[in-house]
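For reference, the structure discussed in these notes is given below.
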Amino acid sequence: MGKTIAEKVIEKHLLFGTMEPGSEIALKIDQTLTQDATGTMAYLEFETMGIPRVKTELSVAYVDHNTLQCGFENADDHRYLQTVAAKHGVRFSRPGNGICHQVHLERFGIPGKTLIGSDSHTPTAGGLGMLAFGAGGMDVAVAMGGGAYYINMPKQYKIYLTGKLRPQVAAKDVSLELLRRLSVKGGVGVIMEWGGPGVKTLSVPERATITNMGAELGATTSVFPADENTKAFLESQGRGQDYTPIYADEDAQYDRVIEIDLSTLEPMIACPHSPDNVVTVKSLSDVKVDQVCIGSCTNSSLKDLLTVAAILKGKTVAPGVSLSISPGSRQVLTMLADCGALNDILKSGARILECACGPCIGMGFSPNSQGVSLRTFNRNFTGRSGTADANVYLVSPETAALSALTGYITDPTTLGALDIREVPREFAVDDSSVLLPLSAEEAQGAEVLRGPNIKEFPKSKPFADALEAQVVLKVGDNITTDHIMPAGAKILPYRSNIPHLSQFCFAVCDTEFPERAKAAGDGIIIGGTNYGQGSSREHAALVPMYLGIRCVIAKSFARIHVANLINAGILPLTFQDPEVYDKLSQADKLCLTDIKAGMEKGEITVQAGDVSFTAVCNLTERQQKILLAGGLLNYTKEGGL
Ligand code: MIC
Ligand code: SF4
């Protein structure tokens, strides 16, 4: 039987397990990436493992999230990351060099290799035919140390593309259409593999927009074939030698095939406050816009910004609109400058921001009160922009640029033919902002510089056989990691200071949660479906653990978050009968008994007053051991693999 792209790559990297959907597999990881907001914790964890040098083929530490330096915290963290990377064999992409996923695509991604990154949008590299996964920092630390990456073998969907996008309909609209059809839960436990004759009409950066937003579907990862366009992209980056073709076999089997005819698509928009709340752009054409932000790891390539420049050229941003543009990388920015497109952008009145995540993670450029913000980003969760009552919409660069000019949400297909500058055959390659690590010899005496913002890693407790704990919070469906552990300019600088961060845990839902959880001692959270969707931030597990949370019982979980809970020593359980959810309330006392035997059996009995119910405990043997040891770090220290 023929193989899919994912099966071909997995087979080459399989260290343990079989490719049966749902069964645990361990993968050899060729490359890792970290960004600064999750990276400080990941390197602190790596250091505790006592391994002198990373064992991957390539590891890169990027600084792209925490680039506003409003105090010493971020600057100290950058210095820590630079020195720890140099010492342990990791390349360091300096602040300002660009967003990790954009730079990795340009400079380091290789078809057919595996990559894990401490950021949920790591699958962006799937646009190059790489098998790339978002993971918690601890999993990345283990992979840097040469350890395997464990996942459950996903199901596989084929997205079969035919036709060609019409002018001013963009790759982003393909992602939004898929989110409209499948929802933010539609990709959970699935690898999305893109194929069909329409693929050849999409360039690598367009494919990367699509694989990037596979994260919003909850997909394990997304991957495109590596074909002639991939070859051309790598050659344009001076990396033709990194090209290997990868295709799915004709008779490869998929669990589901979804067809999209690109020529029938139209501009789409995700409405507040979820990326799957999608309608057509033209249906919202009377909505007035206050702010437009163009950039992020989804839409900041040279092609995207040349298109934006062509739309803005010779025009002025509407008086009621503030437009920001953050190029994805220094390479994109210098090339915009070299060809004159930057001038067209500047003259329109746009505000150029640093090559970084910026407004996407609430690092500046928050909208006005109740503001309507149109963003080319991938997430529009409540509060993420930094303004609690803002209304954030997600759109393509074409829709964003035109709407910035008209002041209203505007369908860009109303524009005639555009005179867009061609993407050059050769990119301006300059890796001087990626610092090489010290040699093993030099590294021996090298000092790692730590600032006072780095606080001790919280200690998790091993599980005893019984647990009595109080329900300290009950939440609904689709709770995101932005609810659990918000980011933004005020909080993000404390990512290596768990005690400080803990004051903001669940602030979006309930500001009293941290105090209540601390007072309760051992605590339990009750959740709905898709609990923990969104980012890979392990802080959404470490902080609740610090506040005493021992167990989360939910209707279902998002993949990376459930792995982070286990790594942090928090027991994730699901309701066997989802109706039990309705019977539980905050302040209920729950009692879990025979935990060890229950883990092995896959079911734990929970006593809630007079009622008792069964919670499903779907853990592999390794995960059971991790929990019994009190988390992945303890387990690794005890010699676990
Ligand atoms: C995000 O887009 O939410 C982030 C910020 O990039 C996160 C990582 C983080 O929280 O640091 C992600 O997507 O994993
Ligand atoms: Fe950065 Fe936004 Fe991409 Fe996250 S989604 S990596 S914050 S640009």
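Read the numbers this way: they start at 1 and go in the same order the structure lists the ligands and their atoms.
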ask   = Using heavy atoms and a threshold below 4.0 Å, how should the contact between Arg379 and ligand 1 be classified: side chain, backbone, both, or neither?
value =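 Side chain only; the backbone of Arg379 stays clear of ligand 1.
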
query = Does ligand 1 have a heavy atom under 4.0 Å from the side chain of Met41, from its backbone, from both, or from neither?
reply =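 Answer for Met41: neither.
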
Protein contact of [atom] - nearest heavy atom, named by residue and atom, plus distance:
atom: atom 1 (Fe) of ligand 2; result: Cys357 SG, 2.3 Å
atom: atom 13 (O) of ligand 1; result: Ser120 OG, 2.6 Å
atom: atom 4 (Fe) of ligand 2; result: His65 NE2, 3.8 Å
atom: atom 7 (C) of ligand 1; result: Ser535 CB, 3.3 Å
atom: atom 3 (Fe) of ligand 2; result: Cys297 SG, 2.3 Å
atom: atom 10 (O) of ligand 1; result: Arg537 NE, 2.6 Å

Could you tell me which atoms of ligand 1, counted from 1 in the order shown, lie closer than 4.0 angstrom to a heavy atom of [X]?
X: Ala37; result: 11 (O)
X: His65; result: 4 (C), 5 (C), 6 (O)
X: Ile361; result: 5 (C)
X: Ser536; result: 12 (C), 14 (O)
X: Arg495; result: 9 (C), 10 (O), 11 (O)

Any side-chain heavy-atom pair from [X] and [Y] closer than 4.5 angstrom?
X: Met545; Y: Pro458; value: yes
X: Val552; Y: Ile570; value: yes
X: Gln69; Y: Asn74; value: yes
X: Pro111; Y: Leu234; value: yes

Relative to the heavy atoms of [X], which atoms of ligand 2 are at a distance of less than 4.0 Å?
X: Asn378; result: 5 (S)
X: His121; result: 5 (S)
X: Cys360; result: 2 (Fe), 5 (S), 7 (S), 8 (S)

What do we get for [X] next to ligand 2 when only non-hydrogen atoms under 4.0 Å count, side chain, backbone, both or neither?
X: Arg379; result: neither
X: Thr298; result: neither
X: Arg384; result: side chain

Testing [options] one by one against [X] for a side chain to side chain donor-acceptor pair (under 3.5 Å), which residue passes?
X: Ser329; options: His104, Arg107, His101, Glu106; result: Glu106
X: Asn530; options: Thr480, Asp477, Asn478; result: Asn478
X: Ser120; options: Glu216, Gln533, Arg379; result: Arg379

query = Who's closest to atom 3 (O) of ligand 1 heavy-atom-wise, of His121, Gln35, Arg384?
reply =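 Comparing heavy atoms across His121, Gln35, Arg384, the nearest one to atom 3 (O) of ligand 1 lies in Arg384.
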
Candidate with minimal heavy-atom separation from atom 6 (S) of ligand 2, of Thr124, Asp119, Ile361 = Asp119

query = Step by step, would you call Asp482 with Arg537 a salt bridge (charged side-chain N to carboxylate O under 4.0 Å, His left out)?
reply = CA-CA 9 Å; Asp482 279 295; Arg537 62 190 73 148; 3.0 Å; yes

key: Any side-chain donor near an acceptor of the partner, Gln35 and Ser118, under 3.5 Å   =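 No, no side-chain donor-acceptor pair sits under 3.5 Å.
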
task = Please say whether Ser118 places an N or O atom under 3.5 Å from an N or O atom belonging to ligand 1.
result =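 For ligand 1, there is no N or O atom that lies under 3.5 Å from one belonging to Ser118.
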
message = Is there a polar contact between ligand 1 and Asp119, counting only N or O atoms under 3.5 Å apart?
response =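 So ligand 1 has an N or O lying under 3.5 Å from an N or O of Asp119.
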
task = Decide, yes or no, whether a salt bridge links Arg495 with Glu73 under the criterion of side-chain N to carboxylate O below 4.0 Å.
result =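 Looking at Arg495 and Glu73, the cut-off is not met.
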
Min heavy-atom dist His539 to ligand 1 below 4.0 Å =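 Contact absent.
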
request  = For the residue pair Tyr531 and Phe506, categorise the inter-ring angle as parallel (less than 30°), tilted (30 to 60°) or perpendicular (more than 60°).
outcome  = tilted

query = In a check of side chain to side chain contact (heavy atoms under 4.5 Å, CB included) between Val84 and each of Leu44, Val448, Val90, which one passes?
reply = Val448

ask   = Under the 3.5 angstrom rule, does the side chain of Ser301 hit a backbone N or O of Asp304 as a donor-acceptor pair?
value = yes

message = Treating Ser324 as the side-chain partner and Arg351 as the backbone partner, does any N or O pair qualify as donor plus acceptor under 3.5 Å?
response =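 No: the side chain of Ser324 does not pair with the backbone of Arg351.
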
